[in-house]
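Written out below as structure tokens is the structure these notes cover.
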Amino acid sequence: MSDWAIPQDWNSYTAGEHAVWDTLFARQSRLLKGRTTQAFLRGMDVLRLSRPGIPNFAELSERLMALTGWCVVAVPGLVPDAVFFEHLANRRFVAGRFIRTADQLDYLQEPDVFHDLFGHVPLLTDPAFADYMQTYGAGGLRAQSFGALKKLARLYWYTVEFGLIREHGMLRAYGAGIVSSHGETLFALDDPSPNRIVFDLERVMRTDYRIDDYQQSYFVIDSFEDLRHRTADADFGPLYRRLADLEDITPGAVLPQDRLLNRGTQAHTRHARLT
Ligand code: PHE
Ligand code: FE
């Protein structure tokens, strides 16, 4: 099986493309102080992400490899699930090489190198999170054999992409889809619209998500150690069998058994439907 990796071809980026990175980087790193987890800020620091320009994957990988044994490989865009899982299971994070244009700073449908690198890679310096990501890859291959990929994908979505964490009693963002987005960082942490629910594995795996707007519910973990313990250290086989008979939950729903940090007004979603 081909692994879909391509050269990053760092030398072919234009000055304009590097400038887009710098603009996004400046805005987001300012915003994230006090809004993301210590582990993420530390990761940015040890990877020297603040150096100007789109990072060179080879250089970045060298630093990352020394810390947690991960590296970053370039791919042309979305890759088949099995290819993605295989990379993760071998501690390779796949990243797009292209960057959005200057008139798309806020909104973008496909993940670009800013989302993939800035959003995902800092946390790969955290040992517990790094392990979580690797075992997730192995778990993906396993989920396919159970026909439970949709369930497992929801776990990725509500943790790796849109997860919140409580740190010293404060709510912080760690999901890459949040921390790489100016608008969603503010929305996920401060807006009264979304539900913020204490993470529960089974609940998350039953919950649909939206790909076209900010999330209607966010799930909040206590630590990456705890997340790893509840997922990587658990056997999902029996869970997949049980979940097969349970109904899906809509993105904005609140259940009686949810441990809510706050019940969202869902005003954002109602408003979006009217316009
Ligand atoms: N432990 C899970 C299984 O048995 C796989 C998994 C690992 C899922 C890590 C998420 C994170 O399939
Ligand atoms: Fe992502």
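Order of appearance sets the numbers: ligands from 1, and atoms from 1 within every ligand. We count residues from 1, following the sequence as given.
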Looking at the Fe ion (ligand 2), which N/O/S atom of H120 is the nearest one? NE2
Side chain or backbone of D233 under 4.0 Å from ligand 1, or both, or neither, by non-hydrogen atoms?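 Within the 4.0 Å criterion, D233 makes no contact with ligand 1.
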So, do Y174 and F40 have ring centers that fall under 6.0 Å from each other? no
Can you tell me which residue among F219, F162, Y218, Y136 is in a ring-ring contact (aromatic ring centres under 6.0 Å, His included) with W157? F162
Of all the atoms in D116, is at least one N, O or S atom closer to the Fe ion (ligand 2) than 2.8 Å? no
Report the member of A232, G139, G237 with the shortest heavy-atom distance to atom 5 (C) of ligand 1. G139
Given L88, D235, T135, which has its nearest heavy atom closest to atom 7 (C) of ligand 1? T135
Apply the side-chain hydrogen bond (donor to acceptor under 3.5 Å, both in side chains) test between S217 and each candidate in N195, T207, D208; give the one that qualifies. N195
Nearest protein heavy-atom contact for atom 12 (O) of ligand 1: which residue, which atom, what distance? R142 NH1, 3.0 Å
Among all protein heavy atoms in this structure, tell me which lies nearest to atom 11 (C) of ligand 1, with the distance rounded to 0.1 Å.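 That would be Y132 CE1, 3.5 Å.
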Polar contact flag, side-chain donor to acceptor under 3.5 angstrom, S12-R97: yes
State whether the shortest distance between N or O atoms of [X] and N or O atoms of ligand 1 falls below 3.5 angstrom.
X: T231; result: yes
X: A234; result: yes
X: F236; result: yes

With a 4.0 Å cut-off on N to O distance, would you call D200 and R259 a salt bridge?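 No, no charged N to carboxylate O under 4.0 Å.
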Which of the atoms in ligand 1, numbered in the order shown and given with their element, are less than 4.0 Å from a heavy-atom of L155?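 So the atoms of ligand 1 that pass are 10 (C).
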To 10 degrees, how wide is the angle OE1 (E161) to the Fe ion (ligand 2) to NE2 (H115)?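 Value, to the nearest 10 degrees: 90°.
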Enumerate the residue pairs fulfilling salt bridge (charged side-chain N to carboxylate O under 4.0 Å, His left out) with a member in residues 114-136, sequence neighbours excluded, ordered by first and then second residue. R91-D131, D131-R228
For a quick test of reading the model, state the closest non-hydrogen atom pair linking Q266 to P194 and the distance between them. NE2-CA, 4.2 Å
Show the atom names and distances, to 0.1 Å, of all donor-acceptor pairs under 3.5 Å that link a side chain in residues 243-251 to residues at least two apart or in another chain.
from	atom 1	to	atom 2	distance (Å)
D248	OD1	R154	NH1	3.4
D248	OD2	R154	NH2	3.2

